[in-house]
Peer 1: 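Sending over a structure as structure tokens; questions will come in a sec.
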Amino acid sequence: MKINSISFFPKITSCGKLKPTKSTVAKSHDKGKSGSENQGGMYVKPISTSRKQQSTITRALNELSNVKFLPNDVIYMQNLGVNIPFDGGFDAVKYLKDKNIDIAYAEFSNPDVHACLDTSKKTPSILINANYKNLASFSEVLAVSEAIMHEISHAKDNDSINSIQEEIDCLASNVLVHEYYKSVYPEAYKSENSPLMKDGVSLYPRLFFDFDSSKSALKKRISEKYGFLNVASPNHAASKLAEDIKSISK
């Protein structure tokens, strides 16, 4: 989606490490307001990354590089119609480094957005909500790595076009990371209550693994956030799940 802006802040549908320009193109991963706001984009202002904040990003990438998707979870996601972009965390981090994708913090006009991918330049970049810049506990580092996984998954298709199916694929990717972390760090998420935790990385695992076979709650959530998008996009062929989500979004 191409969006023009005359604001000082770049107007985007997702974001990264960038300088203010008059137009950008991007994809978003948010937990809050959707529909008209997502269609209209949002504004971002990258901030300087301190040594401590860079350490958090480095720790998050180190943890992510060790992630091995649980085989049964992969089969489960595939049965839902998910196209998993990477084989695991190592594969994703290698892609990020090979493509020289930067990661930084930024102020978002919509504070409910966790993280996003800027595709306005030749090399995409990832921005994390500046509200999370001081999150540094172990569980928060894991949560940041899940958000990064989502955005790397957006970057994998190497285009600026988004869709409901692409969001499904990217959300499923960070859920697979979350499930791995729960298996190796079973106590990690029990005492954290930040928005990144309760409305992001802890929410979608519950929705994807809901015992409801119709996945009504998952469909409703994704419809509210991304229902305005086309059902499919290049490299993201529509599944029945995506079609169902689009049908309730009309």
Peer 1: Would you check if E179 and P205 make a side-chain contact, meaning some heavy-atom pair closer than 4.5 Å?
Peer 2: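 They are in contact (side-chain heavy atoms under 4.5 Å apart), so the answer is yes.
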Peer 1: Strictly under 6.0 Å, is that where the ring centroids of F86 and F69 end up?
Peer 2: no
Peer 1: Just checking Y204 against H178, ring centres under 6.0 Å apart?
Peer 2: no
Peer 1: Rounded to the nearest 0.5 Å, what separation is found between the CD1 atom of I222 and the OG atom of S249?
Peer 2: 9.5 Å
Peer 1: Can S233 and Q165 be said to form a side-chain hydrogen bond (donor to acceptor under 3.5 Å, both in side chains), step by step?
Peer 2: CA-CA 7 Å; S233 54; Q165 183 63 49; over 6 Å; no
Peer 1: Would a 4.5 Å heavy-atom cut-off, applied to side chains only, mark S183 and L70 as touching?
Peer 2: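 Yes, close enough: below the 4.5 Å cut-off.
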Peer 1: Within the 4.5 Å heavy-atom criterion, are L61 and I103 side-chain neighbours or not?
Peer 2: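 L61 vs I103: side chains touch.
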Peer 1: Between the side chains of Y180 and E146, does any donor sit under 3.5 Å from an acceptor?
Peer 2: no
Peer 1: Contact between I128 and H114 at the side-chain level, heavy atoms closer than 4.5 Å - yes or no?
Peer 2: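 No. Closest side-chain heavy atoms not under 4.5 Å.
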Peer 1: Checking salt bridge (Lys or Arg N to Asp or Glu O under 4.0 Å) for the pair K240/E243: CA distance, chi angles, key distance, verdict?
Peer 2: CA-CA 5 Å; K240 184 178 185 304; E243 296 281 4; over 6 Å; no
Peer 1: Establish, yes or no, whether a centroid distance under 6.0 Å links the rings of Y76 and F209.
Peer 2: yes
Peer 1: Under a 3.5 Å cutoff, is there a donor and acceptor pairing between the side chains of H236 and D169?
Peer 2: yes
Peer 1: Looking at CD1 of I126 and CG of D102, how far apart are the two atoms once the value is rounded to the nearest 0.5 Å?
Peer 2: 9.5 Å
Peer 1: So, do V44 and L127 sit near enough that their side-chain heavy atoms are less than 4.5 Å apart?
Peer 2: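 Yes. Closest side-chain heavy atoms under 4.5 Å.
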Peer 1: Does atom CG of N72 have more than 12 heavy-atom neighbours from other groups under 6.0 Å away?
Peer 2: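 Counting neighbours around CG of N72, 12 or fewer heavy atoms of other residues, nucleotides or ligands fall under 6.0 Å, so no.
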Peer 1: Indicate yes or no: at least one non-hydrogen side-chain atom of F90 is less than 4.5 angstrom from one of N66.
Peer 2: no
Peer 1: Are any of the side-chain heavy atoms of R206 and D210 separated by less than 4.5 Å?
Peer 2: no
Peer 1: Is the H154 ring parallel, tilted or perpendicular to the H150 ring (thresholds 30°, 60°)?
Peer 2: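 Perpendicular, since the angle between the ring planes exceeds 60°.
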Peer 1: Walk me through whether S139 and Y181 qualify under side-chain hydrogen bond (donor to acceptor under 3.5 Å, both in side chains).
Peer 2: CA-CA 9 Å; S139 59; Y181 286 151; over 6 Å; no
Peer 1: After noting the C-alpha distance and the side-chain angles of T56 and Q53, does the key distance pass the side-chain hydrogen bond (donor to acceptor under 3.5 Å, both in side chains) rule?
Peer 2: CA-CA 5 Å; T56 296; Q53 292 157 3; over 6 Å; no
Peer 1: Quick one: are L64 and M149 in side-chain contact, heavy atoms under 4.5 Å?
Peer 2: yes
